[in-house]
Each structure stands twice: as structure tokens, then as C-alpha cells.
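See structure below.
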There are 2 protein chains.
Amino acid sequence: HKPSEMLSGSIQVQGTGGSECCLLRGDSWEAFVEHVVFETQACLGQLGTLEIHEILKINEDTRVHGLALQISENSFSNKVLNALKPEKDVDGLKHADIVVLGSPKPEEIPLSWIQPGTTVLNCSHDFLSGGRLSPLMCFPPSDLEISRAQTPKAVEVLAKEIGLLADEIEIYGKSKAKVRLSLLERLKDQADGKYVLVAGITPTPLGEGKSTVTVGLVQALTAHLNINSFACLRQPSQGPTFGVKGGAAGGGYAQVIPMEEFNLHLTGDIHAITAANNLLAAAIDTRILHENTQTDKALYNRLVPSVNGVREFSSIQLARLKKLGINKTDPNALTEEEIGKFARLNIDPSTITWQRVLDTNDRFLRKITIGQAPTEKGYSRQAQFDIAVASEIMAVLALTDSLVDMKERLGRMVVASDKNGQPVTAEDLGVTGALTVLMKDAIKPNLMQTLEGTPVFVHAGPFANIAHGNSSVLADKIALKLVGEEGFVVTEAGFGADIGMEKFFNIKCRASGLVPNAVVLVATVRALKMHGGGPGVSLLLPSSKHTFLKISLSLKTSLNEYRCKTTNVFITRTDTRAEIDLVCELAKRAGAFDAVPCYHWSIGGKGSVELARAVRDAANKGSRFRFLYDVQLPIVEKIRTIAQAVYGARDIELSPEAQSKIDRYTQQGFGNLPICMAKTHLSLSHQPDKKGVPRDFILPISDVRASIGAGFIYPLVGTMSTMPGLPTRPCFYDIDLDTETEQVKGLF
Amino acid sequence: HKPSEMLSGSIQVQGTGGSECCLLRGDSWEAFVEHVVFETQACLGQLGTLEIHEILKINEDTRVHGLALQISENSFSNKVLNALKPEKDVDGLKHADIVVLGSPKPEEIPLSWIQPGTTVLNCSHDFLSGGRLSPLMCFPPSDLEISRAQTPKAVEVLAKEIGLLADEIEIYGKSKAKVRLSLLERLKDQADGKYVLVAGITPTPLGEGKSTVTVGLVQALTAHLNINSFACLRQPSQGPTFGVKGGAAGGGYAQVIPMEEFNLHLTGDIHAITAANNLLAAAIDTRILHENTQTDKALYNRLVPSVNGVREFSSIQLARLKKLGINKTDPNALTEEEIGKFARLNIDPSTITWQRVLDTNDRFLRKITIGQAPTEKGYSRQAQFDIAVASEIMAVLALTDSLVDMKERLGRMVVASDKNGQPVTAEDLGVTGALTVLMKDAIKPNLMQTLEGTPVFVHAGPFANIAHGNSSVLADKIALKLVGEEGFVVTEAGFGADIGMEKFFNIKCRASGLVPNAVVLVATVRALKMHGGGPGVSLLLPSSKHTFLKISLSLKTSLNEYRCKTTNVFITRTDTRAEIDLVCELAKRAGAFDAVPCYHWSIGGKGSVELARAVRDAANKGSRFRFLYDVQLPIVEKIRTIAQAVYGARDIELSPEAQSKIDRYTQQGFGNLPICMAKTHLSLSHQPDKKGVPRDFILPISDVRASIGAGFIYPLVGTMSTMPGLPTRPCFYDIDLDTETEQVKGLF
């Protein structure tokens with residue numbers, strides 16, 4: 001019964017002989033690990049001869065909280081795996097111990113089973129044949145508990161440490177601040193630091209932990225290698241926090257704190273987007289109503305009223321006149337025809353692509369009929385609400401590089417076509433200025449910190465399918481100035497490398513002009529196994545959502561090279577030390593600059609020092625960055641290039657709808673925008689269940705849409721849900737506020 | 001051409017003889033008043049013989065920006081008044097001069113015509129008969145310009161000045177902060193200051209400027225009488241800011257700064273309400289869907305899942321069991337019948353009263369059909385969106401006095417009835433904790449300041465018809481501690497005294513336990529005139545939205561007395577000095593403690609010193625406060641009491657719908673809540689066009705609803721619009737951001 005020792009980056013298991021129990025626990029966890037002695041009478045069959053009916057018994061035994069099996073290859077079948085209830089599978093475990101049956105050698109224990117405070121019962125054959133098990137049960141702290149146990153430094157202290165001037169920050173509460181864009185002007189001659197992207201391999205539905213790696217990496221760089229560094233993360237959508245998802249601030253000892261502030265409201269950026277998005281939506285329908293119920297003259301008189309006897313066009317109306325080719329500035333000089341052209345947008349309601357949004361998982365708003373009150377005089381139509389982060393304004397926020405640019409993008413956003421097929425924009429509706437005013441604070445990146453006090457920008461979180469899934473250009477730019485030439489900025493791309501990284505390169509870097517120095521590709525053994533033909537993640541695989549073992553492949557960036565790296569890394573059945581070594585070896589052989597395991601989840605920055613060194617070395621080697629395609633190519637060619645070079649498709653196939661949209665956008669002058677593929681992230685192909693490296697498939701493009709303000713065309717590969725729902729038992733059942741301490745409970 | 005002198009509280013006009021022009025301008029305004037020389041060739045007919053066709057000519061003359069007429073009684077007819085275009089009427093003027101025709105004596109010039117920088121052209125008969133006018137045109141600064149010209153003190157400085165400890169504030173940007181409720185515990189032994197309500201007489205549609213009086217009064221108390229004071233204001237709804245309304249931070253030299261922060265987002269409280277409100281709405285529909293598509297057992301297993309082998313009720317579920325009379329804590333011990341009772345809320349969709357909300361003027365959401373996507377399996381229904389401030393959660397926020405109480409109120413909110421007619425609450429849906437978490441920051445009052453640096457709490461802004469229209473209890477309570485026993489807290493009630501003040505007394509004071517020491521009743525001459533039978537406010541009356549002349553009646557509070565005071569004040573045709581004296585005299589004769597004119601709009605606190613003295617004296621006289629009705633009376637009796645004692649109705653008349661709702665609420669145990677009348681604010685009666693003191697009317701109650709969490713029953717008198725729309729030319733056309741200076745333009 002000797003406690004093992006947890007060292008940075010490695011685990012040693014001692015005392016595994018006979019019927020002994022071995023408690024794996026690092027000393028540094030003692031403060032927060034609550035030990036509970038728990039008795040169980042579970043009688044388990046012995047290794048290798050374990051029968052399905054015994055698993056079924058375990059299913060019903062409420063005293064067994066989870067079961068991880070190490071079984072020989074010949075008993076490894078789906079039938080065995082499927083017998084175990086999902087809730088007994090370690091994948092679903094948060095607060096339970098793991099019983100390791102049999103007597104594996106220490107080096108055979110899957111490292112990913114072991115979490116802070118995990119009880120590993122390493123029992124002999126004899127003991128199991130009929131004896132009783134008295135495991136020690138440990139409750140490792142939840143992410144929220146870890147977050148709460150740390151006292152963040154005051155954000156003004158952090159701001160001073162990273163060199164912000166007093167008038168460059170706007171503090172929000174104790175631990176958040178907005179950073180003003182004026183800083184970019186002050187530091188315009190400062191050379192940028194190194195720019196590192198964290199991307200992931202094609203993930204399992206549980207995610208690969210890119211945020212956690214990002215946070216762990218900056219913690220390692222800053223606290224352990226003494227290199228200035230900054231993490232740039234996406235702001236999570238608040239709606240799903242109350243549904244199935246829980247929080248999203250990293251995890252374990254690599255997270256952004258306070259995690260409840262990160263996950264709820266933050267500084268209101270998404271709320272601002274909601275307000276701006278919906279003002280535009282209201283303007284569209286109201287305009288249609290007013291045009292339908294008023295004569296040209298009445299409309300014109302209301303749009304250009306005589307105020308205090310003076311009748312003049314507002315500047316946004318002068319811009320519209322110019323667009324219409326009417327070179328007049330006196331409202332009284334317009335001909336009747338010109339008045340009609342000016343006053344009527346003639347929006348074709350069937351072409352409206354601008355939807356209302358809410359930051360709530362509200363499935364009943366997926367398809368609705370609006371305008372049914374008598375005051376709307378029968379002009380009802382079908383519409384929908386999307387989740388707020390799916391708004392084009394979120395993509396605009398993420399891609400803009402200044403206030404001027406944001407205003408122009410907001411004005412350019414196309415919301416519908418008119419009855420002649422011409423695009424109608426926010427500018428045409430006269431709402432550009434108001435949208436900009438609503439977004440004037442949202443444009444400033446939000447400063448927070450990691451659990452180890454490293455600076456983090458949390459800014460923008462566009463959808464990774466219908467948008468480009470990357471945090472903001474502005475946060476990256478400001479961070480690159482702040483860290484100095486020798487410093488590092490680590491930014492994260494959503495979904496797998498085929499989506500998030502590809503869009504980072506071809507959309508975000510095109511918008512920002514920045515060139516990444518290195519890419520970290522996160523690959524959990526769990527995902528590698530799944531792609532190797534193992535069963536789905538909800539089954540009994542010895543890996544966990546909360547595994548701290550992640551293989552991070554630090555690569556020099558080269559878009560054409562990355563595909564093989566995400567997929568050639570081979571599959572192993574259990575993630576023992578030997579396995580990890582194998583994965584790293586294979587990754588390097590496949591062209592990775594380096595491949596190292598990380599342990600930031602369980603021990604913070606110290607667990608990612610090896611990764612930090614690799615990243616530092618890779619970034620200093622110089623990069624050979626180039627875009628995958630020329631934006632001047634026809635839309636179809638750009639789509640085909642991505643499908644073939646990135647997804648490995650043989651070709652693409654356009655629906656008639658898609659073809660006609662491509663023709664329309666090209667005719668409207670939007671043909672030279674980059675492409676933002678809306679594709680599942682769960683496979684390189686369009687079919688989520690096609691794991692590994694699908695070959696020879698034809699990628700079907702069902703429709704094509706455009707985000708002109710954000711600046712991309714997005715082809716739809718299948719249907720993308722833009723409004724999540726709530727499950728039967730949403731996580732809000734567990735979320736509560738302690739009214740005494742004012743602390744949040746139940747977020748994870 | 002001698003500039004006049006502007007003194008505190010009085011205006012003197014000099015040099016009015018002959019054909020002279022007299023520029024009325026206080027020296028203190030010079031800094032921000034932009035003078036523009038403007039030439040006009042307007043030829044105007046002379047006083048008394050002015051013909052309608054001459055007015056029509058002026059209508060079309062773009063060089064005349066506004067016209068105010070002083071005409072003899074025998075030419076004063078609706079025909080003359082209606083001839084002038086509304087936009088030429090001084091009521092609509094903001095940036096224009098006022099041409100005063102004829103040669104009135106100085107004391108006859110309506111004071112309310114005169115604004116900072118107003119050009120008053122006082123021309124002779126001869127001059128007008130054919131001469132040319134060359135008026136000087138001045139642009140008085142807009143509210144936004146005044147706001148911007150002042151540099152607010154840093155909010156941490158303000159916080160220190162008012163005695164807040166460092167850990168009692170949470171700063172939001174440079175000039176806003178949230179104040180933590182822990183302060184109430186620290187200062188629990190501190191005696192409260194004096195508590196003053198600002199209410200208005202039955203207003204015109206343009207409002208009476210209660211916020212402006214409130215701000216002016218605390219500016220006068222603090223800066224000029226040296227008395228600690230605090231203003232407590234409602235947070236305005238953001239949606240209408242982009243429609244027809246403009247900003248709402250007071251006006252002129254009595255406003256809260258920065259006004260754009262006040263009007264946009266603030267610290268996100270309304271956004272938090274939107275999020276909480278809509279999470280509950282989504283939970284209702286999703287629950288109905290899940291109940292309709294699952295068996296009792298499947299539902300139960302999902303609601304009380306086995307997590308890591310343990311199956312237990314969450315605390316919110318235990319509360320539900322208790323409510324159902326099931327005294328069990330083991331999920332496996334429930335009978336089949338109990339499982340059904342527990343798992344099914346059996347919501348009757350036709351009884352759902354909980355609506356979704358948005359802080360956007362979106363008329364197309366007034367009536368909608370939701371749930372039309374195939375994923376919702378046909379469970380579509382009719383629903384609506386309200387403006388966010390109409391959410392019951394806003395009323396809860398305004399009435400709560402602690403975190404514990406807010407959580408209880410949120411849980412108590414009734415969203416529908418079940419199929420047995422029993423109320424279904426947020427608690428039944430399991431969402432209480434999550435709502436509280438979303439509202440945990442919103443509960444903290446927001447500290448801002450007036451133009452003269454006086455502290456202001458801006459907190460909560462419930463609708464004044466379907467809710468009670470008062471700012472938060474918590475802000476008042478905290479402010480009363482902070483000002484000290486000799487200090488003053490001035491809080492404001494929405495709409496006219498018949499609504500806002502009545503609800504302040506009978507709902508807000510009942511919830512808070514606070515007793516007001518004095519009431520200031522704001523009465524503009526404009527409104528007094530309207531109630532006296534003058535034409536509507538859009539016509540040619542010499543009063544302006546931006547008049548700085550307000551008659552404030554400082555009264556000792558006594559609910560039974562206030563009615564006569566709002567209406568007995570007599571009507572005069574022009575608001576000359578003589579008129580004001582008359583109004584004040586009449587008000588005092590009618591029982592007002594004092595009646596004084598105020599000039600805070602044009603000169604800030606200095607202009608309200610007389611009012612501040614009157615308020616100080618009134619408050620020190622002690623009050624005779626009592627509630628209008630006993631909450632234990634039957635609902636009908638309470639409604640009748642308000643209708644008769646406050647509105648002057650002969651009786652009430654209940655629709656069958658109203659009667660059946662009253663019966664249901666009484667049966668459900670909600671009979672002893674106070675009453676919150678949902679009535680027009682434009683008349684004491686239910687008919688907006690019945691001005692003055694309507695008599696002998698029967699108040700029709702069309703329906704009755706309940707806000708159980710907020711804690712009141714609200715009878716509907718007529719239909720209340722809970723979702724405003726956008727006009728043909730919304731004010732967003734004028735709203736813009738200067739991307740160089742980052743300053744907002746066009747808010748007013």
C-alpha cells in the first residue's frame with residue numbers, strides 16, 4: 001500500500017504485486033482531494049474469463065461506479081464492450097475511481113486512466129476469484145472546484161505585468177478587462193512575437209482538448225521556460241452551458257479562471273452581437289411592411305423628412321444614392337423614378353438569409369412563422385432563430401482588424417436579394433452606424449488569465465462550420481505586440497485540422513496578414529483509436545474525457561503536409577507508455593517536427609514543458625507558409641481544391657441549388673472571396689461515421705451561402721444545425737448558486 | 001443687441017424695443033454653444049393679422065426652422081394651429097432657433113421657449129411688414145454633446161467618496177461599477193437617510209422629465225446645499241433607443257453620464273434577464289415535447305439517471321417531491337403512480353403565460369408560431385416575444401432585497417397551469433438555480449454619476465403597466481445607508497402618479513418596508529395645458545420636449561391627497577412668468593407643501609436649488625404614509641379601491657375572462673398579493689384621450705394575469721403593447737460611431 005510518486009511528465013506505479021492495492025496520488029493534490037472510504041461487495045470474475053453476464057451484474061450494482069477493463073485481445077469484442085452500460089464506462093466518469101482488474105505490469109497501465117486522486121486497484125487473480133474489494137474512493141476536484149481554489153491576480157496587476165497603460169484597459173469586475181485598440185497604434189513599431197496555432201486531429205464527439213493544450217502550453221512557456229506568452233481563445237456560447245455541454249474554459253490544471261465568468265456573460269460581447277443581429281433582422285421585416293403599405297412618395301417623405309424645415313439626406317442615404325448611380329444631394333431634386341429607386345429596397349422575402357439569434361438552446365425556434373399579429377397586416381413569413389454565435393456579426397468580429405474595418409464589414413453584410421436579384425445590405429437598410437455603436441465595446445479583446453496567471457485573450461467565437469471557427473484577429477495582433485519579439489502567442493482553431501486549421505490558414509491569416517510559426521496538432525489516443533477502427537467513444541475504451549494524456553505533435557506549418565500527419569499516426573489498442581512512445585515515434589516518422597506527451601490537465605504548466613520546448617524549437621526554425629488556393633480562382637475550383645487536398649475527396653458534386661447560388665454570387669461580384677466549408681468535424685469526409693482516412697468519396701455540396709461582411713462563401717456539405725436543443729435532463733438541473741458564498745455550483 | 005443675463009432660477013430679457021434682436025444666452029454656455037450665422041428671407045405677416053396662408057408659406061420655406069406664435073386670444077383657433085406642419089412646431093425642435101413674432105413685453109415671453117443658446121428674435125411690427133430678417137442661429141448642444149463635454153470622475157474615485165470599500169465594488173470600464181450586496185450587512189446598523197420619490201402628473205406622450213428632475217434635484221442637494229444625496233433611476237430598455245425614443249439619461253444639464261453607456265448595454269443586466277427569461281421559455285417547450293414523446297419510465301430514468309452507478313434526486317427534485325406530497329428520497333422507491341406524478345408536469349400549452357423576450361423593437365415577433373421544424377414533431381403553438389424589460393424577471397430584480405429572496409422569487413414564477421389547473425413554476429422545471437446563476441451579477445446595483453458628479457444608481461427598469469415601473473429596492477436600500485441619516489435618496493416612479501406612484505406606495509414600499517419622506521410631483525406647463533383642454537402636444541403650443549421649465553410640486557406624501565394635486569392645478573395658455581406664478585399658487589392652494597419652478601435642464605443643479613430647499617423642508621416635516629388597501633382583501637375589492645380612490649372611477653366592470661382568472665388565482669392561493677394595474681398612462685381613465693379629471697366612468701377589466709415571482713396580480717385595462725415596433729425612419733439612421741474618436745453620434 002505504498003503511494004506512488006507523481007513526477008512532472010511521468011507516472012510510476014509501485015507495489016503492484018499480489019493482492020495489494022496501490023493508491024496513485026501526487027502529493028500536491030492532497031489539499032483538495034477528498035477521500036471517502038467506500039465499501040463494495042462486488043464480486044468480479046477474473047481477467048480473461050470475464051463473462052458478459054458478470055458485466056450485466058455490475059451494470060445493476062449501484063455500488064460499482066465504473067469499470068475499466070484490461071482484457072486480452074481474444075476477449076475484446078463489441079459484444080463484450082456493448083454489455084456495459086454507458087454510465088459505468090470510464091469515459092463518462094468524473095468523480096469515480098477506476099478499478100483495474102488483473103495484475104498488469106506497471107508499464108501496461110493505461111496512463112489515461114489515471115487522474116488526480118484516482119484510486120487504482122491493482123488486484124491479483126486470487127483476490128478477485130471470490131474476495132471482497134474495499135477500494136478507496138477519491139473525488140478529484142471538478143474544473144469548477146480547481147478554478148475556485150485559485151485566487152486570480154487582480155486584472156489591473158496582470159495588465160501592468162504585460163505592459164498595458166492605465167488608459168488602455170477597461171476593467172470589468174475583478175478579473176476581466178477589455179483592452180483598447182489604441183494599443184496597436186502605440187506599439188505599431190514593435191516587432192511581433194512568434195505565432196503558434198493549436199489545432200486537433202479529427203476529433204471524437206467529446207473533443208480533443210485543444211483549449212486545454214493551449215492553456216497548458218502558455219503556462220509552460222511562461223512559468224517554466226520564462227518566455228512571455230499569451231493564449232488566445234474563443235469565447236464559448238452561453239446557451240449550451242445549460243444544455244449538455246457544461247463549461248469550456250480548458251480543464252483540470254490548464255484552464256482559464258474564473259471559469260464561471262469565462263462561461264457566463266463574460267463582458268457581454270455575445271449579448272452585443274445578439275442585439276446588433278436582431279436590430280438588423282427587425283429592420284428587414286419592418287422595412288418590407290412599410291414598403292408594402294406606403295406609396296413611393298409617402299415612404300420618401302418619411303425617409304427624408306423635413307426636420308426643422310431642412311430636408312437632407314443622412315450620410316448613409318447619400319451612400320445609397322451613390323450606389324444607385326444617382327448623383328444628387330438635394331432631396332427635392334430627385335425625379336419620381338429616382339424617388340422610387342431610392343425609397344424601395346424591394347426585398348424579396350423568399351431570399352432573406354438574415355436570421356434572428358438568441359444565446360439560448362431553444363429548439364422550438366428552429367422554424368417559426370413571424371408577423372402573425374394583426375398589426376403586421378398579414379405579412380407573415382417563415383423564419384428561424386440561430387444560436388447567437390452563428391450570427392455573421394460574430395464572424396465579422398473575429399475577422400476585423402479595426403473599428404473602421406468592422407464598420408465597413410457590418411455595412412457590407414448581405415441580408416437578402418431584391419426582386420431583381422441584387423444584394424440588399426445592412427447599409428441599404430441604414431443600420432450600419434447603429435450596429436457599429438452596439439459593437440463598439442465588443443471589438444475590444446477580453447483579458448483574463450490562466451490558472452497559473454498567464455495572460456489570455458478571450459475574444460470572438462464564431463461557429464466552426466457555417467463560419468470559420470477561430471478566435472479574433474485583433475486579440476492575436478495585440479497579443480503579438482505585447483509579448484515582444486521573443487514571446488509566443490498561442491491561438492486555437494475550432495474542430496479538427498481539416499476545418500479549423502484550414503480556415504485559420506486560408507481565411508483568418510488572409511484577413512490578418514499574419515503568418516504562423518508553428519502548429520501544435522492535438523491527438524488523444526482515444527481519437528487515434530477511433531480512427532483506427534475501434535468502437536465509438538461512448539464504449540469501453542480506456543480513455544476518458546478527462547484524460548490528461550494528450551499527444552501533441554508540434555509541427556512546422558505547411559498546409560500540404562498536414563493531412564498525412566493527422567491520419568498516419570497509427571492506432572493502438574491501449575494507451576500504455578509503450579503505446580505513447582509508439583505514437584510519438586510514428587508521428588515523427590510521418591514528418592512531425594516533434595511529438596511529445598503532455599500532462600497539463602493533471603499538473604498544469606509543468607506537465608507541458610516538453611511540449612513548450614518543442615514548440616519553441618519548431619517556431620525558431622522558420623516556416624514555409626503559403627495559402628492553399630488563390631482567391632481569384634472560380635468558386636467551384638476553390639471548393640474542389642479544399643475537398644481534394646484537405647479531405648482527400650476524389651471530386652465534388654454540386655446540387656442544382658448550389659450551382660445556381662455560385663452563379664449568382666459570381667454575378668454579384670463575390671466570386672473572389674475565400675471559401676468556408678460547412679462540413680461535419682467528425683470525419684474527413686461528409687459522413688460522420690467514416691473514420692480514419694476515407695478514400696475515393698465524392699463530396700456533395702447541397703447549397704452555397706455567403707457571409708459578405710465576414711468575407712467568405714460557405715458551401716454546405718449536408719445540413720448544419722444552427723440551433724441546439726435541450727436534453728430531457730439539461731445540466732441546469734445541477735447548476736445552482738450558493739446564496740451565502742455567492743459561488744456557482746454545478747458548472748463543469 | 002444686448003445679451004441678456006441668465007441667473008440661477010430666473011431669466012431676464014433685455015432690449016426688446018423696436019426692431020432690435022436680442023440674443024438670450026448665458027455666459028456659462030459659451031464654451032459649447034456653436035454659433036452659426038444663418039440668413040433667412042422669411043417675410044412674415046404681422047402679429048394678430050397673421051393669416052393661415054402665411055403659415056402655409058412658412059411650411060414650405062426650408063430656411064425657416066421653426067415657428068412659435070404668440071397670438072391674441074381671438075386668433076387662437078385650431079384652424080390656425082393645424083395649419084403649421086408638425087416639424088415646424090417648436091415642440092419638435094432641437095437645434096433650431098425660435099422666432100418670436102411681435103413685440104411682447106419681456107415678462108410675457110414664455111420661458112419654456114428659451115433654451116441654452118436659443119435665439120429669440122423679438123421684432124417690431126414695422127420690421128415684419130416687409131423687411132428681411134437676419135436671425136442669428138444657435139445650435140444648443142444636444143444631450144449627447146453635453147454628456148461628452150464633461151469628463152466623469154473615475155468610478156473608483158466616486159466609490160471612495162461615497163464610502164464604498166475596495167471589495168464592495170466591481171468596476172465596469174471607466175465610469176460604471178457594480179456594488180456588492182455585502183455592503184448591506186456591513187452597514188446594517190447605519191440609520192437610513194431621507195427617502196424622496198419623484199413622480200409626475202398624468203403626462204403627455206413626450207414625458208414630463210421626471211428623470212431630469214431627479215438628477216437636477218440631487219445635483220442641487222449635493223453641490224449647492226451640501227447634503228449627501230443619491231439618485232436611483234431605472235435602466236432604460238435598449239430596443240427603443242434605436243426606434244423612436246432616443247436616449248433616456250435625463251437631459252440638458254441634468255443627466256447621467258456617460259449617456260451612451262447609460263443607454264447601451266450598461267453592465268449587461270437586461271441581457272442577463274433576456275438570457276434567464278429565454279432559458280426558462282426554452283425549458284417549457286422542450287419539456288412539453290419530451291413528455292409527449294416519452295413513457296413515464298423513460299422520462300423518469302432520464303430525469304433521475306444513474307450517474308456513476310448512483311441514482312439520486314437533485315435538491316430541486318426533492319423540493320418537487322415534497323410539493324407533490326411524496327415523502328421519499330430514494331429514486332428506486334417510488335411507485336409507478338408516483339413516478340408519473342413526478343416526471344410529468346402535464347403543462348397545458350394553452351395556459352402558457354411565459355413569453356420569450358428580446359431587447360429589440362421587433363414587431364414581427366408580436367405573434368408567432370413556434371416549433372415548426374420537423375425535429376419538433378408537430379408540437380407547434382402560437383407564442384410571442386415581448387421587449388426584455390417586460391419580463392417578470394425584471395420585476396423580480398426590481399423588487400428583491402437579497403440573493404436568497406431573488407432565488408425564491410425566481411423559483412416561484414408561474415409559467416402555466418397543468419391540465420388540472422394547478423400552477424407550474426420555474427422550480428417545477430428545475431431551472432431556479434440556473435436562473436439565479438444567470439442573474440447573480442445583475443442583482444448588484446450599477447453606480448454611475450450625474451453631470452455634476454453626484455452618485456446615481458441605475459438598476460432595474462420594469463414596465464410601468466404590466467409591471468410596477470419602479471427602479472430597484474436594493475439600489476434604494478443601499479443608497480439610503482450610504483448617504484447617512486441626514487442624506488437624501490431620490491428615486492423615480494414611471495408614468496404618472498396614478499400608476500407609478502400608486503405602485504411605488506403599494507407594491508414597492510410593501511416589498512421593501514421603506515417609507516418615503518416626501519414626494520416631488522413633476523408638472524410641465526405643457527401637460528397642465530393639455531389636461532385643461534388644449535390641443536394635443538404635437539400641435540403648436542409654446543412648450544417643448546426640451547423645455548427646462550418644470551413646475552415641481554413638493555408634497556408631503558399622502559396617497560389620498562395626491563389625486564387632486566395632479567389635476568386641480570389649473571391651465572393657462574402660455575407659460576410666462578405670470579403663468580408659472582399662478583400654477584405654483586394654485587398648487588399650494590390645492591395642498592402642495594410647496595411649488596417651485598426648476599431650471600436644472602439649462603443650468604444644472606443650480607437651477608433646482610429652490611426645489612432642493614423645499615424638498616429638504618418637506619422631508620423634515622415627517623410623513624403620514626399608509627397603504628391604500630389591505631392585501632388581505634379580495635382581489636376584486638383591491639382593484640375597485642384603486643379604480644375609485646386613484647382614478648376617480650365610479651366602479652369597475654370585470655369581463656367573464658377576468659372574473660374566471662380572479663377565481664383561479666384565488667383558488668391557487670394567490671389572492672393576497674398586491675395589485676399592479678396595467679392601464680394607459682395618458683389619462684386617469686382607461687381612455688388615453690380623456691384628459692383632465694374624467695368623472696363617472698366605469699373602468700373595464702378585460703383580463704387578469706399574475707406575476708407570482710414578482711409578487712403581484714395585474715389586471716388588464718385595455719390592451720397593453722409589450723413589443724414596440726420601428727417607425728419607417730428609425731433613429732438608427734442618425735446613430736453612428738466616429739471611428740477615429742470612438743465617439744457615438746446621433747443619440748439624444
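Only heavy atoms go into these numbers, but all of them, side chains included; no hydrogens, no water, no symmetry mates.
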Pair A:Lys407 + B:Asp738, salt bridge at N-O below 4.0 Å: no
Top contributor to chain A interface from B:Arg356, B:Gln238, B:Arg287 [non-hydrogen pairs under 4.5 Å]: B:Arg356
Spacing of A:Ile171 atom CD1 and B:Glu170 atom CD [to the nearest 0.5 Å]: 12.0 Å
Region of B:Ala166 in contact with chain A, defined by heavy-atom distances below 4.5 Å: backbone
Contact origin within B:Lys377 toward chain A - heavy atom pairs under 4.5 Å: neither
Part of B:Ile316 lying under 4.5 Å from any heavy atom of chain A: side chain
side-chain contact (heavy atoms from CB on, under 4.5 Å) between A:Asp285 and A:Tyr379, intermediate numbers included: CA-CA 9 Å; A:Asp285 283 303; A:Tyr379 292 103; over 6 Å; no
Pairs of heavy atoms under 4.5 Å with chain A: top-ranked of B:Asp167, B:Asn278, B:Thr432: B:Asn278
Contacting moiety of A:Thr360, where chain B heavy atoms sit under 4.5 Å: side chain
Flag for B:Thr375-A:Arg363: side-chain donor and acceptor within less than 3.5 Å: no
Verdict with supporting geometry, B:Ser315 and A:Lys745, side-chain contact (heavy atoms from CB on, under 4.5 Å): CA-CA 12 Å; B:Ser315 48; A:Lys745 297 188 283 193; over 6 Å; no
Proximal component of A:Leu435, with respect to chain B [non-hydrogen, under 4.5 Å]: neither
Chi angles and distances behind the side-chain contact (heavy atoms from CB on, under 4.5 Å) call for B:Thr722, B:Gln384: CA-CA 10 Å; B:Thr722 48; B:Gln384 73 189 58; 3.7 Å; yes
Which portion of B:Gln317 sits near chain A, non-hydrogen atoms under 4.5 angstrom: side chain
Check: B:Ile443 main-chain N/O paired with B:Asp269 side-chain donor or acceptor under 3.5 Å: no
Pick from B:Ile169, B:Ile270, B:Leu365, B:Thr436 with the largest number of heavy-atom pairs that fall under 4.5 Å of chain A: B:Leu365
Side chain, backbone, both or neither of A:Gln382 within contact of chain B (heavy atoms, under 4.5 Å): side chain
Interchain contact, A:Glu261 with chain B, by part (heavy-atom threshold 4.5 Å): side chain
Under 4.5 Å from any heavy atom of chain B - which part of A:Lys178: neither
Contacting moiety of A:Leu358, where chain B heavy atoms sit under 4.5 Å: side chain
Per-residue contact mode, B:Glu408 against chain A (heavy atom under 4.5 angstrom): neither
Contact class of A:Leu264 relative to chain B, heavy atoms under 4.5 angstrom: side chain
Contacting moiety of B:Ala177, where chain A heavy atoms sit under 4.5 Å: neither
Which portion of B:Leu726 sits near chain A, non-hydrogen atoms under 4.5 angstrom: both
Gap between atom CG of A:Leu181 and atom OG1 of B:Thr739 - 0.5 Å precision: 11.5 Å
Salt-bridge criterion met for B:Arg180 and A:Glu742 (N-O under 4.0 Å): yes
Most contacts with chain B, counted as non-hydrogen pairs under 4.5 angstrom, among A:Leu289, A:Asp736, A:Thr274: A:Asp736
Winner by heavy-atom pair count (cut-off under 4.5 Å) against chain A, out of B:Leu303, B:Val404, B:Asp441: B:Leu303
Donor-acceptor contact present, side-chain B:Thr741 to main-chain B:Gln743, <3.5 Å: yes
Those residues that, when tested against A:Arg302, pass side-chain contact (heavy atoms from CB on, under 4.5 Å) (two or more places apart): A:Gln294, A:Ala298, B:Thr728
Heavy-atom pair count under 4.5 Å with chain A, highest-scoring of B:Leu279, B:Leu299, B:Asn361: B:Leu279
Part of A:His271 lying under 4.5 Å from any heavy atom of chain B: both
Residue among B:Pro374, B:Ala282, B:Ser314 with most heavy-atom pairs under 4.5 Å to chain A: B:Ala282
Among the listed options A:Ile368, A:Thr267, A:Val744, A:Val304, the residue most often paired with chain B at heavy-atom distances under 4.5 Å: A:Ile368
Contact origin within A:Phe385 toward chain B - heavy atom pairs under 4.5 Å: side chain
For the student: nearest non-hydrogen atoms of B:Ala343 and B:Glu291, plus distance: O-OE2, 3.6 Å
A:Thr400 (side chain) donor-acceptor with A:Met406 (main chain) under 3.5 angstrom: yes
Side chain, backbone, both or neither of A:Ala442 within contact of chain B (heavy atoms, under 4.5 Å): neither
Non-hydrogen atoms of A:Pro240 and A:Ile387 that approach each other most closely: CD-CD1, 4.2 Å
Check: B:Ser306 main-chain N/O paired with B:Arg311 side-chain donor or acceptor under 3.5 Å: no
Contacting region of A:Asp359 [heavy-atom separation from chain B under 4.5 Å]: neither
